[in-house]
Every structure is written in C-alpha cells, then in structure tokens.
4 protein chains.
Amino acid sequence: MLNRVILIGRLTRDPELRYTPAGVAVTQFTLAVDRPFSSNQGQREADFIPVVTWRQLAETCANYLRKGRLAAVEGRIQVRNYDNNEGRRVYVTEVIADNVRFLESPNSGNREDGSGMGGSSGGGSSSGGGNRGSYGGGREQQDPFQDDGRPIDISDDDLPF
Amino acid sequence: MLNRVILIGRLTRDPELRYTPAGVAVTQFTLAVDRPFSSNQGQREADFIPVVTWRQLAETCANYLRKGRLAAVEGRIQVRNYDNNEGRRVYVTEVIADNVRFLESPNSGNREDGSGMGGSSGGGSSSGGGNRGSYGGGREQQDPFQDDGRPIDISDDDLPF
Amino acid sequence: MLNRVILIGRLTRDPELRYTPAGVAVTQFTLAVDRPFSSNQGQREADFIPVVTWRQLAETCANYLRKGRLAAVEGRIQVRNYDNNEGRRVYVTEVIADNVRFLESPNSGNREDGSGMGGSSGGGSSSGGGNRGSYGGGREQQDPFQDDGRPIDISDDDLPF
Amino acid sequence: MLNRVILIGRLTRDPELRYTPAGVAVTQFTLAVDRPFSSNQGQREADFIPVVTWRQLAETCANYLRKGRLAAVEGRIQVRNYDNNEGRRVYVTEVIADNVRFLESPNSGNREDGSGMGGSSGGGSSSGGGNRGSYGGGREQQDPFQDDGRPIDISDDDLPF
DNA sequence: TTTT
DNA sequence: TTTT
C-alpha cells in the first residue's frame with residue numbers, strides 16, 4: 001500500500017500548536033490550494049486542506065509558519081472519525097505531514113526559508129508583525145476548519161510514524 | 001499551487017457508476033489503504049479514502065474494478081461541502097483521480113491489467129460473480145462512505161479538469 | 001505503470017528555449033535540489049536534475065524562469081540514449097515536466113508568480129534561431145541540449161504527451 | 001527543497017545484492033516503466049529506471065523481488081558522477097528508494113505481497129535508523145553497479161538517510 | 001559546467 | 001544490456 005500527498009499552498013491562519021497529555025507537540029493548520037482550473041462561473045477556487053504535524057516538525061511549523069505564507073507539504077492522507085454530540089459519526093480527513101518546506105519568509109526578502117525537517121527550531125520566533133491579509137492575497141475566503149464546536153480529541157494514541 | 005496524491009489500495013466495494021443530468025459519467029469508490037505502522041494496540045489499520053473519477057476514466061473504472069481489487073490512483077485532493085438536513089455544513093474530502101492503474105485482474109492470472117487511461121473500455125461491465133472477500137483479505141472492516149443518507153449532489157458543475 | 005516526480009529547487013542557469021523544425025517550443029533547464037541530509041564531510045549537497053518542458057509550458061518557463069529562481073516541477077522521469085562520438089551508448093535521464101510553478105518572482109514582491117500551465121506568456125517569447133536535435137522519441141537519439149560537438153537533431157517525432 | 005518520485009514498473013532482471021566494506025546491504029535493480037503514450041511509430045515504449053535500496057530494505061528487495069515482478073517504488077532522484085577510464089565525467093541518475101511495495105507474488109496467488117519497509121509497530125517513534133550519509137555523495141565517485149571493467153567501490157560513506 |  |  002502506498003499513500004503519498006504533496007501540496008503547495010498558503011496557510012489560512014496561524015498554525016495552532018498543542019500538546020498531548022504526554023507532552024507530544026501537535027500542530028494543525030489549513031492549506032488553501034488553488035484549483036488548477038476555474039469554476040464554470042469563471043472563478044478560481046481553492047481547496048482548504050487540513051494538515052497535521054507532530055513532534056519536532058510541529059514545533060518548527062508553529063515557529064516559522066504564519067497565515068498567508070506559502071508552504072510545501074509532504075505526507076499521507078488520514079481519515080479518522082468520531083461521534084459528534086448528535087450521536088452521528090463524523091469523518092475527518094487530514095494530511096499527516098512528515099515534511100514541510102517554508103517557501104517564503106517575510107524577513108529574508110524573497111528567499112526560501114529552509115526546511116521544516118532538520119531546522120533547529122530556535123526560539124519563539126513568531127517575528128511579530130506578520131498576519132495581514134486574506135490567505136491568498138486578495139480574495140476573502142473563509143477557513144472552514146476551525147472552532148466549530150467539534151470536540152478536539154488529540155490523544156497520544158494518535159501518534160503517527 | 002500544487003496538489004498531488006498517489007495511492008495504492010484495495011476497493012472496499014464495487015465502484016458506483018452514475019451520470020450527471022448532462023450525461024457525464026462519474027464513478028465513485030473507496031480505497032482501503034493500510035497504514036504504514038500498527039496502532040498501539042498492535043493492530044494494522046487502514047484509511048478509507050473516497051475516490052472520484054469522471055468521463056472515460058469513470059467508465060473504465062466501472063468496467064474493470066471490483067471490490068477487493070488492488071489499484072493505484074493518481075489525482076488531487078478536493079474538499080467540497082454541502083448543508084445537511086440538520087442545516088449543518090458538512091465537508092467531504094475526496095481524491096479526484098486522473099489516472100488509475102489496475103494492479104490485479106482476476107482472469108489474467110497474475111498480471112497487471114493495463115491502464116485506466118488509454119484503455120479501450122471494451123464491452124459490458126463485467127458484472128459477473130464479483131464480490132467475494134472482504135476488501136483487505138480477512139479483516140471485516142466497514143466501508144464508512146456509503147448510503148448514510150447524505151444527499152447526493154452530482155451536478156455538471158462538478159466537472160474537474 | 002506509473003511514473004511521477006515532484007521537485008522543488010533552484011535553476012542553475014537561465015532556461016534555454018529552442019524550437020523543433022516544425023516550430024514546437026522546447027525548454028531545458030537544470031534544477032538544483034538540496035539533499036535532505038548532509039554528507040559525512042558535513043557539507044550540504046544538491047542533486048542537479050535536468051528538466052524539459054514542451055509547447056506552451058516551454059514558452060512560459062522561458063519567459064518567467066531565471067537562474068537562481070525557486071520552482072516546483074511535476075512530471076515523469078524519462079531515460080533516453082544515444083551513441084556518442086566514441087561509439088559508446090550514453091544514457092540521459094531527464095524529468096519531462098507537465099506542470100511548473102514559479103515560487104518566486106523578483107518584481108512581484110514576495111508572492112507566488114502563478115502557474116506554468118494557464119499562464120499567458122505575455123511578452124518576450126524569445127523565438128530565436130535554435131533548432132536541432134531529436135529528443136526523446138525513437139531509439140538511438142541525440143541529446144539536443146549539449147553543444148559540445150555531438151551531432152544534434154530535435155525532430156517533431158519527439159513530442160511527449 | 002523537495003525531491004519525490006513514485007514509480008510502478010517491472011524489474012528487468014533479478015535484483016543485485018551487495019555489501020559495502022562495513023557490511024551494509026545495497027540492492028540495485030532496474031524498473032521498466034511503460035510510457036503513457038505510444039511513439040509515433042505506434043510502439044509502446046518504456047523507461048528503464050535504475051533503483052537503489054539500502055540496509056534492511058535492500059535485503060527485503062533481494063529476497064522478494066525477481067525479474068518481471070511488478071513493484072511500486074517511492075524515493076528520490078539522485079545524480080552522481082564519476083570520471084570514466086577515458087577521463088570523461090559520467091553522470092548517473094538513480095532513484096534512491098525508501099519504500100518498495102511488492103505488487104505481485106508468484107506463490108500467494110494474486111495478492112499483494114506486503115511491504116518492503118517492515119514497519120515497526122508500537123505507538124511512537126519508529127522511523128528507524130540513523131541518518132545522513134550521502135550515497136554517491138562525494139565527488140569523483142564510481143558507479144558500483146556495473147561490472148563492465150570500471151573500478152568498483154561502494155564505501156560506507158555512501159549511506160543515504 | 002551548477003542554485004540559495 | 002532491458003520488463004509485461
């Protein structure tokens with residue numbers, strides 16, 4: 001079996017870093033990836049694809065990625081499910097990333113930022129300022145994947161790899 | 001932007017061929033893709049990933065793929081949404097395939113079956129017999145993506161590419 | 001069968017646009033892709049991977065890519081061979097791209113430049129002279145991209161896709 | 001940077017297992033991957049793509065793969081070079097695989113044979129093995145996989161990953 | 001022959 | 001030098 005995904009897109013929001021009860025870092029963000037064609041209403045649309053990173057990569061992503069930034073993500077598709085408060089089973093599809101490249105950095109001019117893998121995470125970074133604008137430069141699209149009341153259940157059982 | 005997925009897995013059921021009002025073929029199936037590691041309960045798990053094909057490729061898949069068969073799929077992740085009968089917005093993530101390889105065929109011994117792309121679709125649907133076996137050879141897992149009451153809304157607006 | 005490559009790297013030189021006798025555009029460039037680890041001498045190394053694009057994509061690449069620019073390339077590996085002037089068979093491996101993303105542009109600040117696919121090529125077009133070399137097609141072929149004295153002939157038989 | 005290749009094809013010969021002086025296993029084989037179109041002489045052609053695997057994966061490939069078998073390979077493109085006996089620099093392009101799937105097995109009927117990885121179970125960690133080491137890393141290297149009179153030396157410096 |  |  002084989003399950004491989006490669007995406008290039010922009011973050012719809014700042015990444016969210018959390019920790020499992022056992023202290024393992026998890027970061028979630030959503031990538032807006034423009035579709036390669038226009039809709040028949042002539043608009044360019046995007047797919048909003050949830051991405052999850054774990055451990056060191058999670059820390060690095062939380063430190064270096066921000067809303068609007070361009071990133072390349074390598075990983076696999078994972079489908080998990082939970083029962084919501086109406087007793088319905090809900091399916092959640094995410095890309096579990098094992099490699100993230102930062103394709104832009106605000107302060108280093110126009111250069112690639114380095115790797116999400118080997119990168120020493122350095123300090124808190126977050127470099128302030130950042131954060132303008134709608135994700136993709138202009139269109140006011142909405143990130144559908146956030147605090148919509150879904151129970152958040154990160155457990156240490158969810159560790160991939 | 002870039003959005004590329006490659007999967008190898010087994011069909012959880014026979015593919016479902018439908019037509020849009022304008023007569024465009026669409027085929028949906030789910031691929032069970034084993035995870036590359038075991039859960040911490042020591043079980044091997046799988047992701048059940050919905051795949052959609054259109055037009056000629058849809059016809060070919062409907063003709064040649066069957067429950068339990070191994071296939072390779074190339075495509076892109078698409079996230080669409082609709083409002084369910086409780087007025088909640090539901091997000092559906094699918095792989096829109098533009099290339100499918102049939103990695104097994106029941107009657108040609110142990111050989112690859114050919115391409116889903118250029119393949120002359122040949123005749124009649126091959127419906128016969130089909131349907132033995134649980135998808136992954138043994139485990140009785142459940143395909144979560146079927147007739148669970150979700151409205152099916154294939155429209156001609158959904159044509160990719 | 002399946003053959004898919006995705007690269008992100010920097011151009012080692014300006015791209016070279018040429019035309020087949022029938023006027024089909026071909027652009028060649030080399031991508032320097034850093035390896036994901038350091039050598040045991042502690043140096044970071046790169047692979048230098050030749051990329052070939054055809055037709056509209058070739059024009060767009062010639063117009064928008066330059067030495068040092070970051071690009072994402074999607075395509076397939078192609079291996080062709082020719083007999084050199086010593087009568088030895090030489091094997092040439094290239095990535096035939098069907099999609100190129102420009103991940104930096106010098107004049108548009110810090111934004112992605114757009115697609116290599118749908119891009120209107122705009123200005124320069126650079127039609128110039130060039131023109132020989134059979135590329136990719138039959139057997140016993142010449143490498144059109146080397147001006148080191150080997151015979152060159154690009155023919156229109158060499159069009160992929 | 002990013003460098004990802006996925007291939008499905010057939011082995012042109014039995015794989016060749018060797019060991020470095022330090023006893024690290026290396027296996028080389030060539031995958032014949034049919035092109036997705038016919039030549040203008042109407043023939044279907046193939047690319048013959050050299051694949052290299054290391055360590056445990058090398059042993060597994062040597063044990064389970066044979067000439068003619070269908071396999072899926074995931075890895076990265078590596079370009080190394082050496083100076084041949086005429087003093088010319090020769091460039092060798094190979095896919096360094098980190099995942100191989102056996103898509104056919106002769107004795108288990110028509111089923112997929114399993115993974116080339118041998119996933120460690122347990123919850124966390126896994127990811128096995130050290131890192132670093134560039135295979136074909138330094139400069140001026142020999143191609144260890146050709147017995148045509150060129151000097152052979154696989155060194156332990158060549159370990160990838 | 002290589003990019004940052 | 002190539003597989004089916």
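- Atoms CG (C:Leu65) and P (E:dT3) sit 16 Å apart, rounded to a whole Å.
- Atom pair A:Phe102:CZ and E:dT4:P shows a separation of 22 Å (rounding to whole Å applied).
- For C:Tyr91, whose side chain is taken as the heavy atoms from C-beta onward, the closest listed nucleotide among F:dT4, F:dT2, E:dT4 is F:dT2.
- Per the geometry, CD belonging to C:Gln43 stands 15 Å off P belonging to E:dT3, to the nearest Å.
- Across the protein-nucleic acid pair, C:Gln28 atom CD and E:dT1 atom C1' stand 12 Å apart, rounded to whole Å.
- A search for side-chain hydrogen bond (donor to acceptor under 3.5 Å, both in side chains) contacts involving D:Asp47 returns D:Arg35, not counting sequence neighbours.
- Taking atom CZ on D:Arg35 and atom C1' on F:dT2, their separation rounds to 13 Å, with Å as the unit.
- Between C:Arg89 and the phosphate of F:dT1, there is a side-chain N or O to OP1/OP2 separation shorter than 4.0 Å.
- Residue D:Arg44 contributes atom CZ, which lies 16 Å from atom P of F:dT3 at whole-angstrom precision.
- Across D:Arg88 and C:Asn85, no two heavy atoms sit closer than the pair NH2-OD1, 3.7 Å.
- Minimum atom distance to the side chain of D:Thr12 is reached by F:dT2, of the listed F:dT4, E:dT3, F:dT2.
- Rounded to whole Å, the distance from CD on C:Glu104 to C1' on E:dT3 is 11 Å.
- Side-chain atoms of C:Phe48 lie closest to E:dT3 of the nucleotides E:dT3, F:dT4, F:dT2.
- By the salt bridge (Lys or Arg N to Asp or Glu O under 4.0 Å) test, D:Glu74 is found to be paired with A:Arg4, D:Arg4, residues two or more places apart in sequence or in another chain being considered.
- Checking E:dT3, F:dT3, F:dT2 against the side-chain heavy atoms of D:Ala32 singles out F:dT3 as nearest.
- Of the possible donor and acceptor atoms, none in the side chain of C:Arg76 sits under 3.5 Å from a partner among the backbone N and O of C:Ile96.
- For D:Gln78 and E:dT2, the CD to P distance is 17 Å, given to the nearest whole Å.
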